[in-house]
Amino acid sequence: GNGYIEGKELENFFQELEKTRKVSGMGPKSEILPQRASVFSKKYDKNSDGKIEMAELAQILPTEENFLLCFRQHVGSSAEFMEAWRKYDTDRSGYIEANELKGFLSDLLKKANRPYDEPKLQEYTQTILRMFDLNGDGKLGLSEMSRLLPVQENFLLKFQGMKLNSEEFNAIFTFYDKDGSGYIDENELDALLKDLYEKNKKEMNIQELTNYRKSVMSLAEAGKLYRKDLEIVLCSETPL
């Protein structure tokens with residue numbers, strides 16, 4: 001869940017790929033699995049960090065089918081993503097309904113000035129549903145959909161390992177919402193994020209803090225970040 005596949009994960013990916021090739025009638029290549037993973041890593045691991053993110057992995061797809069790479073390259077920032085999300089998650093549940101997904105994707109493509117036609121938008125929508133609506137309930141979660149973003153832009157990934165349960169979240173929100181208004185402002189969010197990182201002994205520079213704050217505040221209404229909005233980002237389970 002860190003936005004990359006690496007080591008054994010990459011080998012497992014090639015095992016699955018090999019099964020698919022055999023089912024489709026394509027014979028296995030001569031290289032053995034570890035060699036194939038190593039060759040792939042050298043070719044596509046552009047920054048040589050030993051980890052492959054989705055945009056790198058997606059380069060094996062034909063260009064016309066590579067919508068994941070399209071989103072990674074053209075959806076500019078997590079703030080734009082969150083603004084589009086807020087428009088469609090009107091009840092602040094942390095989900096958008098499957099029938100709203102098409103409009104959500106359309107908004108993201110427009111923000112990125114990425115041309116598309118109706119059949120292509122429908123194709124993207126159906127592919128996203130197959131990827132993320134695993135239980136078939138017709139709802140898509142924020143943290144799942146944020147995987148469309150490049151890893152460095154996916155601020156939600158930064159909170160992995162720091163998720164709060166309901167009791168912890170209520171305590172921390174009450175502490176920063178000193179007047180009991182039910183919301184916190186940008187300055188209070190800044191302090192909350194700093195304290196959260198210090199508590200978890202994680203490093204964060206000023207630029208990262210600024211970017212995370214901007215992304216979270218994209219969920220706010222007139223500068224007011226309400227309890228339910230922040231809960232979606234910080235809690236280990238999406239609130240009911």
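Every value quoted in this text rests on a predicted model; they were computed, and no experiment measured them.
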Exercise for the section: Nearest 0.5 Å please: distance from the NZ atom of K139 over to the CD1 atom of I96. Expected result: 12.5 Å

Problem - Nearest-0.5 Å distance that lies between atom CD in Q15 and atom NZ in K8 - result: 5.5 Å

Practice task
Any chance you could measure N170, atom CG, to R227, atom CZ, to the nearest 0.5 Å?
Solution key: 5.0 Å

Handout entry: Common cluster, Y88/Y226, ILVMFWY with side-chain heavy-atom separation under 4.5 Å
Key = no

Problem - Over all atoms of both residues, closest heavy-atom pair of A220 and G223 - result: CB-C, 4.2 Å

Handout entry: L164 CG to L234 CG distance, which is reported to the nearest 0.5 Å
Key = 5.5 Å

Exercise for the section: Of all the heavy-atom pairs spanning L140 and W85, show the shortest one and how long it is. Expected result: O-CH2, 3.2 Å

Handout entry: Stepwise salt bridge (Lys or Arg N to Asp or Glu O under 4.0 Å) test for E123 and K120
Key = CA-CA 5 Å; E123 177 189 332; K120 187 60 67 176; 3.3 Å; yes

Practice task
Report the C-alpha separation of E198 and D195 in whole Å, then their side-chain angles, then the decisive distance to 0.1 Å, and conclude whether the side chain to side chain contact (heavy atoms under 4.5 Å, CB included) test is met.
Solution key: CA-CA 5 Å; E198 288 177 6; D195 286 353; 4.2 Å; yes

Exercise for the section: Taking all non-hydrogen atoms of both residues into account, name the closest pair between D133 and G138 and its distance. Expected result: OD2-N, 3.1 Å

Exercise for the section: Kindly write out the residues that satisfy side-chain hydrogen bond (donor to acceptor under 3.5 Å, both in side chains) with Y116, not counting sequence neighbours, or none if the list is empty. Expected result: S106

Exercise for the section: To the nearest 0.5 angstrom, please state how far the CG atom of L189 sits from the OH atom of Y183. Expected result: 14.5 Å

Exercise for the section: Tell me, with the steps shown, if L192 and D190 meet side chain to side chain contact (heavy atoms under 4.5 Å, CB included). Expected result: CA-CA 5 Å; L192 187 156; D190 188 270; over 6 Å; no

Practice task
Identify the two heavy atoms, one from R213 and one from E186, that lie closest to each other, and give their separation to 0.1 Å.
Solution key: NE-OE2, 3.3 Å

Completion exercise
Note: L219 and R86 closest approach over all heavy atoms is O-NE, 2.7 Å

Problem - CG on L230 to OH on Y176, rounded to 0.5 Å - result: 11.0 Å

Exercise for the section: Check for a donor-acceptor pair, side chain of D89 on one end and backbone N or O of G94 on the other, with a separation under 3.5 Å. Expected result: yes

Exercise for the section: For atom NZ of K214, decide whether the heavy atoms of other residues, nucleotides or ligands shown that lie under 6.0 angstrom number more than 12. Expected result: no

Practice task
Over all heavy atoms of both residues, which pair between S218 and M82 is shortest? Give the atoms and the distance, please.
Solution key: CB-CB, 3.6 Å

Problem - Basic-acidic side-chain contact under 4.0 Å: E221, K224 - result: no

Practice task
Using a strict cut-off of less than 4.0 Å between a Lys/Arg side-chain nitrogen and an Asp/Glu carboxylate oxygen, indicate whether E188 and K178 qualify as a salt bridge.
Solution key: no

